[in-house]
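Inspection log for the structure reproduced underneath, given as structure tokens.
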Amino acid sequence: MSLSTDSSDTDRLLHRVAAGDRGAMELLMTRHREYLRQVIDARMEPRLRQKLDPSDVVQETLTVVSQRIDDYVARQPASFRLWLRSTAIEQLINARRRHRAQKRSFERDVRISDVSSLAIAKAFVAKGPSERMLRREVMGQVREALSELTEADRDILVMRHAEGLSNAEVAELLELAPKTASKRYGRALQRLAVQLAKLGYSRP
């Protein structure tokens with residue numbers, strides 16, 4: 001079992017779920033619904049979003065979580081938040097598979113959501129009155145630059161900026177030492193900056 005990065009409230013609710021308190025289960029789901037939506041928004045590419053509402057994937061995830069919660073409580077293979085994340089991504093992959101047959105090119109697309117592009121753009125835009133407008137302008141360049149990175153680099157940037165995972169959570173997820181995870185993130189950020197520079201963007 002991994003070292004938990006969950007909050008004390010989550011840990012207390014999990015103990016109540018283990019004791020058979022179904023009300024605690026409902027509270028647990030309510031408290032984490034917004035986080036699940038954040039994960040789905042960060043990972044759902046525009047083409048799939050045209051076919052499927054992110055809320056539907058969130059609901060499917062909650063259904064699966066309720067079915068698997070007893071096994072999770074017994075084994076606790078990861079922190080609860082990261083287990084929720086993996087379950088959400090599993091449901092998103094299933095959704096992609098269901099829609100794959102409709103367009104053969106669907107699976108070849110680099111899956112970068114607008115939400116992720118915008119979240120990562122924040123790291124490159126100085127704060128000021130025109131911050132929001134500038135982020136939108138930079139978002140397209142960020143999307144293009146991200147497509148030139150490796151999947152591993154894209155993934156860690158999305159995890160940190162769009163999914164809001166801490167360095168400790170990324171380290172747990174990737175089974176790395178926190179220091180190593182931090183260095184990997186730093187290198188990915190540098191590579192993104194290089195690609196953005198090639199597109200003519202430089203930080204103010």
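Values below: every heavy atom of this structure, side chains too, minus hydrogens, waters and symmetry copies.
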Identify the two heavy atoms, one from [X] and one from [Y], that lie closest to each other, and give their separation to 0.1 Å.
{"X": "Asp21", "Y": "Gly23", "result": "OD1-N, 2.9 Å"}
{"X": "Ala121", "Y": "Val138", "result": "CB-CG1, 4.1 Å"}
{"X": "Ile156", "Y": "Ala188", "result": "CG2-CB, 3.6 Å"}
{"X": "Ser117", "Y": "Leu146", "result": "OG-CD1, 4.4 Å"}
{"X": "His161", "Y": "Ala123", "result": "CE1-CB, 3.6 Å"}
{"X": "Arg143", "Y": "Pro46", "result": "NH2-CG, 3.6 Å"}

Does any non-hydrogen side-chain atom of [Y] lie less than 4.5 Å from one of [X]?
{"X": "Leu48", "Y": "Leu92", "value": "yes"}
{"X": "Leu28", "Y": "Arg16", "value": "no"}
{"X": "Glu45", "Y": "Asp114", "value": "no"}
{"X": "Tyr72", "Y": "Val65", "value": "no"}
{"X": "Tyr185", "Y": "Val170", "value": "no"}
{"X": "Glu90", "Y": "Ser86", "value": "no"}

### Query
When you look at Met159 and Arg85, which way does the side chain to side chain contact (heavy atoms under 4.5 Å, CB included) test go after all the steps?
CA-CA 10 Å; Met159 285 190 283; Arg85 176 189 179 275; 3.5 Å; yes
### Task
Describe, in one word, how the ring planes of His32 and Phe80 are oriented to each other, choosing from parallel (under 30°), tilted (30 to 60°) and perpendicular (over 60°).
perpendicular
Keeping [X] on the side-chain end and [Y] on the backbone end, is there a donor-acceptor pair under 3.5 Å?
{"X": "Arg154", "Y": "Leu149", "answer": "yes"}
{"X": "Gln91", "Y": "Val58", "answer": "no"}
{"X": "Glu172", "Y": "Ala78", "answer": "no"}
{"X": "Ser182", "Y": "Pro178", "answer": "no"}
{"X": "Ser116", "Y": "Ala162", "answer": "no"}
{"X": "Thr180", "Y": "Leu176", "answer": "no"}

Approximate separation, where rounding is to 0.5 Å, of [X] [atom1] and [Y] [atom2]:
{"X": "Glu144", "Y": "Met139", "atom1": "CD", "atom2": "CE", "answer": "13.0 Å"}
{"X": "Arg160", "Y": "Leu189", "atom1": "CZ", "atom2": "CG", "answer": "9.5 Å"}
{"X": "Leu36", "Y": "Glu163", "atom1": "CG", "atom2": "CD", "answer": "10.5 Å"}
{"X": "Ile69", "Y": "Leu84", "atom1": "CD1", "atom2": "CG", "answer": "7.5 Å"}
{"X": "Met25", "Y": "Asp70", "atom1": "CE", "atom2": "CG", "answer": "8.5 Å"}
{"X": "Leu13", "Y": "Arg31", "atom1": "CG", "atom2": "CZ", "answer": "5.0 Å"}

### Message
Could you go through Arg33 and Thr30, starting from their C-alpha distance and side-chain angles, then the distance that decides it, and tell me whether this counts as side chain to side chain contact (heavy atoms under 4.5 Å, CB included)?
### Response
CA-CA 5 Å; Arg33 180 184 286 272; Thr30 299; 6.0 Å; no
### Query
Can Arg43 and Ser113 be said to form a side-chain hydrogen bond (donor to acceptor under 3.5 Å, both in side chains), step by step?
CA-CA 6 Å; Arg43 296 286 175 172; Ser113 77; over 6 Å; no
### Query
Given Arg81 and Leu165, is the side chain to side chain contact (heavy atoms under 4.5 Å, CB included) satisfied, shown in steps?
CA-CA 9 Å; Arg81 207 161 89 116; Leu165 296 184; 3.7 Å; yes
### Message
Counting neighbours of CD on Gln141 that are heavy atoms of other residues, nucleotides or ligands and sit closer than 6.0 Å, is the number greater than 12?
### Response
yes
### Task
Answer yes or no: are there more than 12 heavy-atom neighbours, outside Glu26 itself, under 6.0 Å from its atom CD?
no
Consider only side-chain heavy atoms of I, L, V, M, F, W and Y, link residues closer than 4.5 Å, and tell whether [X] and [Y] are in one cluster.
{"X": "Leu173", "Y": "Tyr35", "answer": "yes"}
{"X": "Val64", "Y": "Val17", "answer": "no"}
{"X": "Ile112", "Y": "Ile93", "answer": "yes"}
{"X": "Leu52", "Y": "Val115", "answer": "no"}

### Message
Does Arg184 form a side chain to side chain contact (heavy atoms under 4.5 Å, CB included) with Leu174? I'd like the steps, not just the answer.
### Response
CA-CA 11 Å; Arg184 184 175 292 187; Leu174 299 180; 4.1 Å; yes
### Asp71 vs Arg68, salt bridge (charged side-chain N to carboxylate O under 4.0 Å, His left out): CA-CA, chis, key distance, verdict
CA-CA 5 Å; Asp71 178 67; Arg68 297 178 180 174; over 6 Å; no
